[in-house]
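First comes the structure, then the notes that go with it.
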Amino acid sequence: MTEPQPPKRPSSYDKKVALVLQGGGALGSYQAGVYEALSTSEYQLDWVSGISIGAINAAIIAGNAPDKRVEQLRTFWEMVTSRTPFPLTPNAIVAQDRRIGSLTSLFYGQPGFFAPRALSDWCFGNTPTSFYDTLALKATLEGLVDFDRINSREIDFSVGAVNVRTGNFAYFNNREIRIRPEHVMASGALPPGFPAVEIDGEHYWDGGLVSNTPLQYVLEYIPRRSRLTFQVDLFHARGRVPQNLEEVSERDKDIRYSSRTRAGTDAFRAMHDVRHNVNTLWNKLPDELKATPEARFLYNFGCVTTMDIVQLIYRPTEEQGQAKDYDFGRGTMELRWAQGLSDARETLLASPWLEPMPEEAGARTFDVLGARKAREKLAGRRG
């Protein structure tokens with residue numbers, strides 16, 4: 001039997017395509033799986049943007065030829081994940097693999113990514129500002145990413161970071177500056193684990209301190225374009241009530257990150273609906289009303305673009321512990337990658353964005369996997 005194929009993309013659906021990648025450390029292999037599915041679809045990217053681990057994945061995508069991107073993502077994730085002596089099943093062994101993966105990362109770092117500071121860094125009155133150094137990451141990026149390709153703007157590329165001195169968010173965009181490894185490293189410099197990265201005299205930390213998704217930046221960038229945007233979230237909002245401290249820590253992390261992403265997405269959708277309806281209303285106004293200062297103000301606020309936002313959310317089938325974002329075990333990485341690939345293929349198969357856009361809507365959101373799980377839960381209750 002042949003696998004079912006996604007519906008063809010009609011020529012009338014001509015929206016630009018963006019991929020926005022959230023922070024989440026070791027969870028980022030899920031994003032690589034999502035990209036693998038997109039890479040063979042009819043929805044080829046014109047913009048990729050990321051924060052933290054999403055910035056690294058984004059750089060590998062933008063900094064390689066399309067036919068090399070998945071291969072280079074695989075190289076990175078195999079480089080930074082440690083092998084364990086356990087197979088992937090049964091579940092008890094997978095759990096053990098997770099514990100070993102997180103402990104290995106905590107005590108020894110990850111090859112090609114970060115390493116604990118040397119004992120001498122803490123002696124003789126030294127006061128380091130991080131527990132690990134990320135010198136290895138620069139070499140890894142230089143080996144896997146063609147920064148000349150990124151700066152040629154074959155596709156748009158942007159990563160977010162926070163200015164340590166001012167506390168202000170900053171985006172490094174290849175439309176505006178020349179991108180270097182330091183810009184990607186700055187986006188993933190999460191304190192106190194990793195040190196701030198100096199760029200042109202300023203120091204930057206992980207963008208996730210302020211916002212863990214670059215969605216709003218991409219969709220509001222001027223000039224706006226109608227877009228289909230795949231937003232890959234690494235923390236899920238829903239979960240059971242914790243039964244122990246380990247589960248409390250994991251649930252706390254999920255809520256903190258997912259709630260900000262959800263709030264930002266909802267706020268953008270509401271705002272863009274207003275922009276869209278302002279533009280529609282303008283065409284119905286009499287000329288004398290259009291000439292008023294208030295009407296001109298609203299006209300400048302309006303927008304003709306429409307946005308489709310596709311949410312792909314990593315929802316593991318079981319709790320993974322509060323250390324899941326630094327569990328770089330090889331087996332765990334493979335499972336997350338496979339789930340991202342499967343979730344993206346299911347989403348592409350449904351392609352709900354091909355349905356006609358309601359006239360009053362400026363932006364729509366889709367969560368194919370979430371909708372399917374909700375239907376299954378409802379059916380289970382009825383059964």
Side-chain angles (χ1 to χ4, degrees), residues 21-34 50-57 60 73-116 130-132 134 136-137 140 188-194 206 208 212 232-236 239-240 242-258 312-343:
L21 303 175
Q22 192 187 70
L27 305 176
S29 58
Y30 177 85
Q31 297 172 340
V34 168
I51 289 175
S52 198
I53 194 65
I56 296 174
N57 283 332
I60 295 172
L73 284 168
R74 174 66 65 177
T75 298
F76 171 77
W77 282 101
E78 289 184 350
M79 179 188 301
V80 302
T81 54
S82 56
R83 289 192 179 276
T84 68
F86 304 105
L88 297 182
T89 56
N91 288 340
I93 297 180
V94 174
Q96 182 70 10
D97 183 51
R98 291 195 185 106
R99 283 191 289 272
I100 291 177
S102 57
L103 287 173
T104 299
S105 178
L106 189 65
F107 288 108
Y108 302 105
Q110 295 302 137
F113 198 166
F114 61 94
S130 67
F131 293 108
Y132 302 88
T134 53
L137 178 58
T140 296
L190 183 64
F194 298 162
D206 192 304
N212 207 35
V232 188
D233 298 337
L234 299 179
F235 297 92
H236 54 103
R240 71 178 189 181
Q243 303 300 307
N244 54 54
L245 286 175
E246 174 77 5
E247 292 179 5
V248 167
S249 296
E250 179 181 8
R251 192 77 195 101
D252 168 68
K253 193 173 289 186
D254 284 338
I255 290 172
R256 277 191 288 114
Y257 286 113
S258 67
L312 285 146
I313 303 170
Y314 176 49
R315 297 180 174 98
T317 56
E318 60 185 19
E319 285 73 16
Q320 298 189 350
Q322 64 86 24
K324 62 185 179 182
D325 51 343
Y326 57 91
D327 169 14
F328 284 89
R330 176 65 60 84
T332 308
M333 180 276 285
E334 295 283 3
L335 289 172
R336 290 168 177 161
W337 184 305
Q339 186 173 336
L341 178 62
S342 175
D343 288 355

- request: Check whether NZ of the Lys or CZ of the Arg R74 lies under 6.0 Å from the centre of the six-membered ring of W337 and within 45 degrees of that ring's axis.
  value: yes
S342 side-chain N/O to A338 backbone N/O, donor-acceptor pair under 3.5 Å: no
message: As a quick check of understanding, evaluate side chain to side chain contact (heavy atoms under 4.5 Å, CB included) for D254 and K324, giving each step before the final call.
response: CA-CA 11 Å; D254 284 338; K324 62 185 179 182; 2.7 Å; yes
task: Hey, could you give me the CD1/CD1 distance between I51 and I56, rounded to the nearest 0.5 Å?
output: 13.0 Å
field: Ring centre gap for F194 and F114 strictly below 6.0 Å
entry: yes
message: Applying side-chain hydrogen bond (donor to acceptor under 3.5 Å, both in side chains), can you list everything that pairs with D325, at least two apart in sequence or on another chain?
response: K253
Distance in Å, N244 CG paired with E250 CD, rounded so as to fall on 0.5 Å steps: 10.0 Å
task: Could you tell me whether a side-chain N or O of E247 sits under 3.5 Å from a main-chain N or O of Q243, the two making a donor and an acceptor?
output: yes
- prompt: Just how far is it from atom CD of Q110 to atom OG1 of T134, taken to the nearest 0.5 Å?
  reply: 14.0 Å
field: side chain to side chain contact (heavy atoms under 4.5 Å, CB included) between W77 and F328, worked out
entry: CA-CA 9 Å; W77 282 101; F328 284 89; 4.1 Å; yes
- prompt: How would you list, by chain and number, every residue that makes a side-chain hydrogen bond (donor to acceptor under 3.5 Å, both in side chains) with R251, sequence neighbours excluded?
  reply: none
- prompt: With a 4.5 Å limit on heavy-atom distance, are the side chains of Y30 and D343 in contact?
  reply: yes
message: Please enumerate all residues that pass ring pair (Phe, Tyr, Trp, His ring centres under 6.0 Å) together with F76, with sequence neighbours excluded.
response: none
- line: Correct closest heavy-atom pair for G193 and S130 would be O-CB, 3.4 Å
- prompt: Partners of D233 by salt bridge (Lys or Arg N to Asp or Glu O under 4.0 Å), sequence neighbours excluded?
  reply: none
- prompt: Heavy atoms, side chains only, cut-off 4.5 Å: are F131 and P116 in contact?
  reply: no
message: Counting C-beta onward and ignoring hydrogens, is there a side-chain heavy-atom pair between F235 and I313 closer than 4.5 Å?
response: no
Short side-chain to backbone donor-acceptor contact, R336 and G28, under 3.5 Å: no
message: Which residues pass the salt bridge (Lys or Arg N to Asp or Glu O under 4.0 Å) test with E246, not counting sequence neighbours?
response: none
- request: Report yes if the side chains of D252 and Y257 come closer than 4.5 Å at any heavy-atom pair, otherwise no.
  value: no
- request: Run the numbers on T140 and M79 for side chain to side chain contact (heavy atoms under 4.5 Å, CB included), then give the verdict.
  value: CA-CA 9 Å; T140 296; M79 179 188 301; 3.6 Å; yes
task: Would you check if the side chain of N57 reaches a backbone N or O of L73 as a donor-acceptor pair within less than 3.5 Å?
output: no
message: Checking the side chain of S249 only, and the main-chain atoms of Q322 only, is there a donor and an acceptor separated by less than 3.5 Å?
response: no
query: Does some side-chain heavy atom of Q31 sit less than 4.5 Å from a side-chain heavy atom of L234?
result: yes
task: Go through the steps to decide whether Q22 and Y314 satisfy the test side chain to side chain donor-acceptor pair (under 3.5 Å), and finish with yes or no.
output: CA-CA 11 Å; Q22 192 187 70; Y314 176 49; over 6 Å; no
query: Do side-chain atoms of S52 reach the backbone of G54 as a donor and acceptor pair under 3.5 angstrom?
result: no
- prompt: Among all residues two or more places apart in sequence or in another chain, which pass the side-chain hydrogen bond (donor to acceptor under 3.5 Å, both in side chains) test with S29?
  reply: none
- line: Output for pair (D327 CG, T81 OG1), nearest 0.5 Å, gives 10.0 Å
